Each structure stands twice: as C-alpha cells, then as structure tokens.
Amino acid sequence: MEWVFDGEIIEWRGPAPFFFVAMSEADSAELKEEARSLIYWGQVPVMVVLGGTEFRTALFPKDGRYLVPLKDAVRKAEGVGEGDHVTVTLRPAVKS
C-alpha cells in the first residue's frame, strides 16, 4: 500500500532542530492498521519519496498523526525548508 499526501514542512525544536511533514489523521490511522506488524516503539519503518529523493526512515507518532522526519541531506537535495509545502509518497518498509 502507498500513501501520497501534501504537507507543510514544520520545525520541532529540541536540543537540535528537527523537521517533519505531518500525515493527516485519517491517513495515519489507515497506515497504523496496514503496518501493524511493522510497528516498533510506536514507530513505523517506511520508504519515502520527496521530489527526486527516495529514503528510508521511521515515522514518529504525535497527537494521533504520524510525522515524516526530513534529514538535512534530503531537504538540501530538494531545496526545501521550513514552511514549504511538499508532496510526500510513502509505503511501509520491512524491518532490516
């Protein structure tokens, strides 16, 4: 199964800044059900495509939604940053 959605890049500040794109609550609930066997520590391993960049990551659950973390290398490769609206494609990935 695959999800394609648009979202705004947001920043969460902890000890270091982290950047994410949030899935909708409905998509998050559907993904949680579909990927039930892959979930560990509340996270879901996924393959993500943002523009021309494909990468593996794990989604973070927050307030009933999943957040897609965007590493510096991905943001730089695609020329995007906080506040930009992007299209994300993701699918569950098998554990490695």
Side-chain angles (χ1 to χ4, degrees):
M1 188 154 207
E2 183 175 273
W3 289 264
V4 178
F5 61 94
D6 296 323
E8 180 180 355
I9 297 176
I10 57 172
E11 180 181 14
W12 177 80
R13 288 193 173 266
F18 293 96
F19 295 87
F20 300 93
V21 177
M23 293 183 78
S24 70
E25 287 185 31
D27 283 345
S28 295
E30 186 177 295
L31 174 70
K32 184 176 183 177
E33 185 61 34
E34 288 293 323
R36 187 165 298 285
S37 66
L38 300 175
I39 296 172
Y40 60 97
W41 293 75
Q43 296 183 339
V44 179
V46 291
M47 291 300 298
V48 178
V49 177
L50 176 67
T53 305
E54 183 172 9
F55 59 99
R56 184 184 181 104
T57 191
L59 303 178
F60 287 80
K62 180 160 177 45
D63 301 328
R65 300 170 82 178
Y66 281 112
L67 301 178
V68 181
L70 301 177
K71 297 177 183 178
D72 289 343
V74 172
R75 293 191 328 275
K76 287 178 184 175
E78 294 302 320
V80 296
E82 181 182 11
D84 289 339
H85 289 264
V86 295
T87 299
V88 175
T89 302
L90 64 82
R91 63 187 181 282
V94 293
K95 293 181 190 178
S96 58

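This one's a predicted model, so the numbers in the text were calculated from it and none came from an experiment. No hydrogens, no waters, no symmetry mates; every other heavy atom, side chains included, goes into these values.
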Could you go step by step and tell me if Glu54 and Arg91 meet the salt bridge (charged side-chain N to carboxylate O under 4.0 Å, His left out) rule?
CA-CA 11 Å; Glu54 183 172 9; Arg91 63 187 181 282; 3.0 Å; yes
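- For the atom pair CZ (Phe20) and CD1 (Ile10), the distance works out to 7.5 Å, reported to the nearest 0.5 Å.
- Shortest non-hydrogen contact noted between Glu78 and Gly52 is OE2-N, 3.1 Å.
- No donor-acceptor pair under 3.5 Å is formed between the side chain of Asp27 and the backbone N or O of Ser24.
- With hydrogens and angles ignored, the 3.5 Å screen pairs no side-chain donor or acceptor of Arg56 with any backbone N or O of Ala93.
- In this structure, Phe5 and Val21 have side chains that are in contact, with non-hydrogen atoms separated by less than 4.5 Å.
- Under a hydrophobic-cluster definition in which Ile, Leu, Val, Met, Phe, Trp and Tyr are linked whenever side-chain heavy atoms come within less than 4.5 Å, directly or via other members, Leu67 and Trp12 are assigned to the same cluster.
- Residues Phe19 and Glu82 form a side-chain contact, since some pair of their non-hydrogen atoms from C-beta on lies under 4.5 Å apart.
- Distance check: Leu59 CG to Leu31 CG gives 6.0 Å after rounding to the nearest 0.5 Å.
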Run the side-chain contact (heavy atoms from CB on, under 4.5 Å) check on Val46 and Thr57 step by step: do they pass?
CA-CA 6 Å; Val46 291; Thr57 191; 3.9 Å; yes
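- To the nearest 0.5 Å, atom CG of residue Asp63 and atom OG of residue Ser28 are 11.0 Å apart.
- At a threshold of 4.5 Å between non-hydrogen side-chain atoms, the residues Leu50 and Leu70 count as touching.
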For Phe60 and Tyr66: C-alpha separation, side-chain torsions, deciding distance, then whether ring pair (Phe, Tyr, Trp, His ring centres under 6.0 Å) applies.
CA-CA 5 Å; Phe60 287 80; Tyr66 281 112; 9.7 Å; no
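- Paired with Leu90 under the rule side chain to side chain contact (heavy atoms under 4.5 Å, CB included), one option of Met47, Met1, Met23 passes, and it is Met23.
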Test side-chain contact (heavy atoms from CB on, under 4.5 Å) on Val80 and Ile9 and set out the steps.
CA-CA 8 Å; Val80 296; Ile9 297 176; 3.6 Å; yes
Going through the distances and angles, do Asp6 and Val86 end up as a side-chain contact (heavy atoms from CB on, under 4.5 Å)?
CA-CA 6 Å; Asp6 296 323; Val86 295; over 6 Å; no
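- Hydrophobic clustering keeps Phe55 apart from Val49 (ILVMFWY residues linked when any side-chain heavy atoms are closer than 4.5 Å, directly or through intermediates).
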